[in-house]
Amino acid sequence: MPELPEVEVVRAGLEPAVTGALVTSVTVFDERSLRRHTGPGEDFVDRLEGRTVLSAERRGKFLWLPLGAQARSAGSGQAHSTGTGQARSTGSGQAHSTGSGQATGAEALVVHLGMSGQVLLRDRATDDRLTRIRLDLEHPAHGPLRLNFVDQRIFGSMAIDAMLATPDAAVGLVPSQVAHIARDPLDPLFDDRLFLARLARRNTGVKRALLDQTLLSGVGNIYADEALWAARIHYDQPTSTLSRARAKLLLAEVRLVLAKALGEGGTSFDAQYVNVNGASGYFSHSLNAYGQQGKPCPRCGRPIVRESFMNRGSHFCPFCQRVRLPV
DNA sequence: AAGTAATCCTGATCGC
DNA sequence: TGCGATCAGGATTACT
């Protein structure tokens, strides 16, 4: 499951390769991979071909490529891209998108890997099985390039989305689909105090809170279990009963595990997650709790347990991680 | 209104 | 060898 470290590895791999590249041709093999795009496949293709990729950005598990203004006719050697990036300001549409954030006319290609998505950089001759969307690119310095969006379970998606100026200025623009997501804990502008205050006000279990992308983004099932194990907190401990000290410890452990996994290139099981070159990460060798049911807890030696929770698995040490109610 | 459950998806793997 | 059942869970939608 690609979470923050895996998505960041993809972003970092993409950035030097695609920045400045022109999208020359787009092929949609399966429109279900456009579930987050408003409009049919042809619209996606029309709005992407002829655009230039400006950079590669990320927040939490969302990845996006800001796009330059659209050339008048794709394929022709446009002299001036008579920039009409404007115009498509969604009319009134986004009453729901976030409640905050202002349309700017700028757009981005938003990528979410979902459960099994991969972005693979190839030469023009290479195809990958289960490719749902293919972008052919032309980079002024590096030449032709192919970007295959591969996704077995089709929980991931690509979309052209409007960039909004959020009140949360400083960073500038985020796609409308990302505007309601909180910053991730590796973001230098992540607000610890705000997070701790909101966490304390929640009336739910702590793992539910960790997985809530509007509270903090980038954490999924693997790193939630790992951070909770490291902090010795039970996944269903009510957030309102966590002391501030333990909440701060948890946040610190979240940061640690995300940073460590990032340093090791992410977590790979089989070929479910790979970097843009198709290589696996090594963090699966460092897991203490996730997927370790039946194996001894690296801390106390008692077996790790897996319980069903939120339609997924929760892995923890029943001895080290017990619900502690305040006295 | 906040919190929770349901929903979407299919290739790989397992058991018989 | 074949085939059906099972499994994985992020984000959105739909309820209560």
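Throughout, protein chains are lettered first and strands after them, A, B, ... in sequence-line order, and every chain is numbered starting at 1. Since the structure is predicted, the reported quantities are computational estimates derived from the model, not experimental observations.
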Atom pairs, N/O to N/O, protein against nucleotides 14-16 of chain C, distance under 3.5 Å?
none

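- Between A:Asp184 and A:Arg58 there is a salt bridge, since a side-chain N of the basic residue sits under 4.0 Å from a carboxylate O of the acidic one.
- For the pair A:Glu3 CD and C:dA8 C1', the computed distance is 12 Å after rounding to whole Å.
- Protein atom CZ of A:Arg208 is 16 Å distant from nucleotide atom P of C:dA11, rounded to whole Å.
- The shortest distance between the side-chain N/O atoms of A:Gln213 and the OP1/OP2 oxygens of C:dG10 is not below 4.0 Å.
- With no hydrogens or angles considered, no side-chain donor-acceptor pair links A:Asp136 and A:Thr24 at under 3.5 Å.
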Could you pull out the protein-nucleic contacts involving nucleotides 6-9 of chain B (nitrogen or oxygen on both sides, under 3.5 Å)?
| residue | atom | partner | partner atom | Å |
| --- | --- | --- | --- | --- |
| B:dC8 | O3' | A:Arg35 | NH2 | 2.8 |
| B:dC9 | OP1 | A:Arg35 | NH2 | 2.8 |
| B:dC9 | O3' | A:Arg32 | NH1 | 3.1 |

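- Put simply, CG on A:Asp128 is 15 Å from P on B:dG11, counting in whole angstrom units.
- The backbone N or O of A:His112 lies less than 3.5 Å from no partner atom in the side chain of A:Ser157, so there is not a single donor-acceptor pair.
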**OP:** Just do the side chain to side chain contact (heavy atoms under 4.5 Å, CB included) check on A:Val110 and A:Met158 with the steps written out, would you?
**Re:** CA-CA 6 Å; A:Val110 179; A:Met158 282 187 158; over 6 Å; no

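- Judged by distance alone, the side chains of A:Arg36 and A:Gln177 do bring a donor and an acceptor atom under 3.5 Å apart.
- Between the CD atom of A:Gln293 and the P atom of C:dA8 there is a distance of 8 Å, rounded to whole Å.
- Contact check, A:His112 against C:dT12: no side-chain N or O comes under 4.0 Å of OP1 or OP2.
- When all heavy atoms of A:Ile222 and A:Glu3 are compared, the pair lying nearest together is N-OE2, 2.9 Å.
- Residues of residues 190-204 of chain A having a heavy atom closer than 4.0 Å to DNA chain B, listed by number: A:Arg202, A:Asn203, A:Thr204.
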Subject >> Residues A:Leu34, A:Ile133; criterion side chain to side chain contact (heavy atoms under 4.5 Å, CB included); working and verdict >> reply: CA-CA 9 Å; A:Leu34 294 177; A:Ile133 297 172; 3.6 Å; yes

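- Taking atom CD of residue A:Gln118 and atom P of nucleotide B:dG11, one finds them 13 Å apart after rounding to whole Å.
- A:Lys207 pairs by the salt bridge (charged side-chain N to carboxylate O under 4.0 Å, His left out) definition with A:Asp225, not counting sequence neighbours.
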Side chains of residues 299-310 of chain A: which donor-acceptor pairs under 3.5 Å do they make with residues two or more places apart or in other chains?
| residue | atom | partner | partner atom | Å |
| --- | --- | --- | --- | --- |
| A:Arg299 | NH1 | A:Trp229 | O | 3.0 |
| A:Arg299 | NH2 | A:Trp229 | O | 2.9 |
| A:Glu307 | OE1 | A:Tyr235 | OH | 2.3 |

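- Per the geometry, CG belonging to A:Asp212 stands 10 Å off P belonging to C:dA11, to the nearest Å.
- Rounding to whole angstrom units, CG of residue A:Leu215 and C1' of B:dG3 are separated by 13 Å.
- For A:Arg129, counting side-chain heavy atoms from C-beta on, the closest listed nucleotide (B:dA5, C:dA11, B:dG11) is B:dG11.
- Here the closest heavy-atom approach between residue A:Arg124 and residue A:Glu138 is recorded as NH2-OE1, 3.6 Å.
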Original post:
Which dot-bracket string fits DNA chain B when only Watson-Crick or G-U wobble pairs with both atom distances under 3.5 Å count, crossing pairs get [ ], and | stands for a partner on a different strand?
Top reply: .|||||||||||||||

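- As rounded to whole Å, 11 Å separates atom P of C:dT12 from atom CG of A:Asp161.
- If you check every strand for non-hydrogen atoms under 4.0 Å, A:Gly313 touches sugar and phosphate atoms only.
- Within the cation-pi definition used here (under 6.0 Å to the ring centroid, within 45° of the axis), A:Arg322 qualifies as a partner of A:Phe319.
- The only member of A:Glu6, A:Lys260, A:Glu253 that meets side chain to side chain donor-acceptor pair (under 3.5 Å) when paired with A:Tyr223 is A:Glu6.
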Original post:
Checking salt bridge (charged side-chain N to carboxylate O under 4.0 Å, His left out) for the pair A:Arg51/A:Glu107: CA distance, chi angles, key distance, verdict?
Top reply: CA-CA 10 Å; A:Arg51 309 288 286 272; A:Glu107 293 183 325; 3.0 Å; yes

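- For A:Asp43 and A:His37, the side-chain atoms include at least one donor-acceptor pair closer than 3.5 Å.
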